[in-house]
Amino acid sequence: MPLILMCGFPSSGKSKRANELEKYFSNECQKKVTVISDHTIGVNRNETYDDSKKEKIVRGNLKSSVQRCLDKDSITILDSLNYIKGFRYELYCVTKESQTTQCLIHCNTDSVTASQWNLQRDPSEQYSQEIFDGLVMRFEEPNGSNRWDSPLFIVQKDDTLPLEAISDTLLKRKPPPQNASTLPQPLSSTNFLYELDRVTTEIVQVIIAALKTFVPGDKINIPSSTDKLNLCRPFTLAELQRSRRQFITYTKMHPVDDISKIGNMFVQYLNNTLK
């Protein structure tokens, strides 16, 4: 189920908006809602945000909590600063891998108002002014043109939260497709993997032998391939082995039904990459 990411300055109204969202999805949409925040994982804000190492640990704990909660039965709201675009990108990758939707709610309250609201908190809940100012200075504003910040809902302090639009975005939109690198590796027959290794190794050996007498521009015949390799320059063994490893990695992810095609595929790959 979807992830709602809150974002904004300290004391900018994120928790208030998160509560509105929780009530709406629980009552109007009949969805189970899980709210994850600094409070739920026991963060001392002033201690944490004054130490980059502690803050990094906290971000890791928040991310892990989100990963555990992304299931088919609940909507997850991450009510934290989420002010670093790199962290927002990590969370985007999490939702993409989980094949679910997400959106970002930016509570766009100005720093002066947020500072005043901070001072109205219970003293035990306040950010120190030094920590507050530092977080405002480091804040990386979301940009809706970035896929990890989209869809983006920007909410001013006096705005009414567009609950229906948020719901439609999360519940009626298809999740982004997984990257090839995050997809499970297809199962391949033992014979296919053996032939992939054997054929590419033989081709590399033929090329190394041909390089001893080659003239730039030569085209050499390759066993198990109807295509010829263009020797445009001297290739090193390290180059060929690196290309071989890259080709094998790619081909494991996209196996072919006919192993007789491996030789042609590898030669075509080398002609396109070794120039």
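All figures in this text were calculated on a predicted structure; none of them were measured in a lab.
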Side-chain heavy-atom pair Glu28, Glu164 within 4.5 angstrom cut-off | no
Answer yes or no: are there more than 12 heavy-atom neighbours, outside Glu130 itself, under 6.0 Å from its atom CD?
-> no
Parallel, tilted or perpendicular: which describes the rings of Phe9 and Phe139, with under 30° parallel and over 60° perpendicular?
-> perpendicular
With no hydrogens and no angle check, do the side chains of Ser65 and Arg68 hold a donor and an acceptor under 3.5 Å apart?
-> yes
Under 4.5 Å between any side-chain heavy atoms of Ile77 and Phe25, yes or no?
-> no
Do Trp148 and Tyr89 make the cut of ring centroids closer than 6.0 angstrom?
-> yes
Indicate the ring-plane relationship of Phe266 and Phe247, choosing parallel, tilted or perpendicular according to the 30° and 60° boundaries.
-> tilted
Donor-acceptor pair, Asn82 side chain versus Arg88 backbone, under 3.5 Å?
-> no
State, with a plain yes or no, whether a side-chain heavy atom of Lys53 is found less than 4.5 Å away from one of Lys56.
-> no
Decide, yes or no, whether a salt bridge links Lys85 with Asp149 under the criterion of side-chain N to carboxylate O below 4.0 Å.
-> no
Please determine if Arg244 and Asp197 form a salt bridge, counting it only when a charged side-chain N lies under 4.0 Å from a carboxylate O.
-> yes
Side chains of Ile207 and Leu270 in contact at under 4.5 Å (non-hydrogen atoms) | yes
Is Met137 close to Asp133 at the side-chain level, that is, under 4.5 Å between some pair of heavy atoms?
-> no
Do the non-hydrogen side-chain atoms of Phe153 and Leu104 ever get within less than 4.5 Å of each other?
-> no
In terms of heavy-atom contacts, Asn264 and Thr226 come closest through OD1-N, 2.8 Å
Check whether any side-chain N or O of Arg173 sits under 3.5 Å from a backbone N or O of Gln102 as a donor-acceptor pair, and report yes or no.
-> yes
Leu81 and Ile57: same hydrophobic cluster, using ILVMFWY side-chain contacts below 4.5 Å?
-> no
If you take all heavy atoms of Lys63 and Glu90, which pair is closest and at what distance?
-> NZ-OE1, 3.2 Å
Quick one: do the Ser225 and Asp227 side chains pair a donor with an acceptor below 3.5 Å?
-> no
Does Tyr250 belong to the same Ile/Leu/Val/Met/Phe/Trp/Tyr cluster as Ile262, with side-chain heavy atoms less than 4.5 Å apart forming each link?
-> no
Mind checking whether Val267 and Lys228 have side chains closer than 4.5 Å, heavy atoms only?
-> no
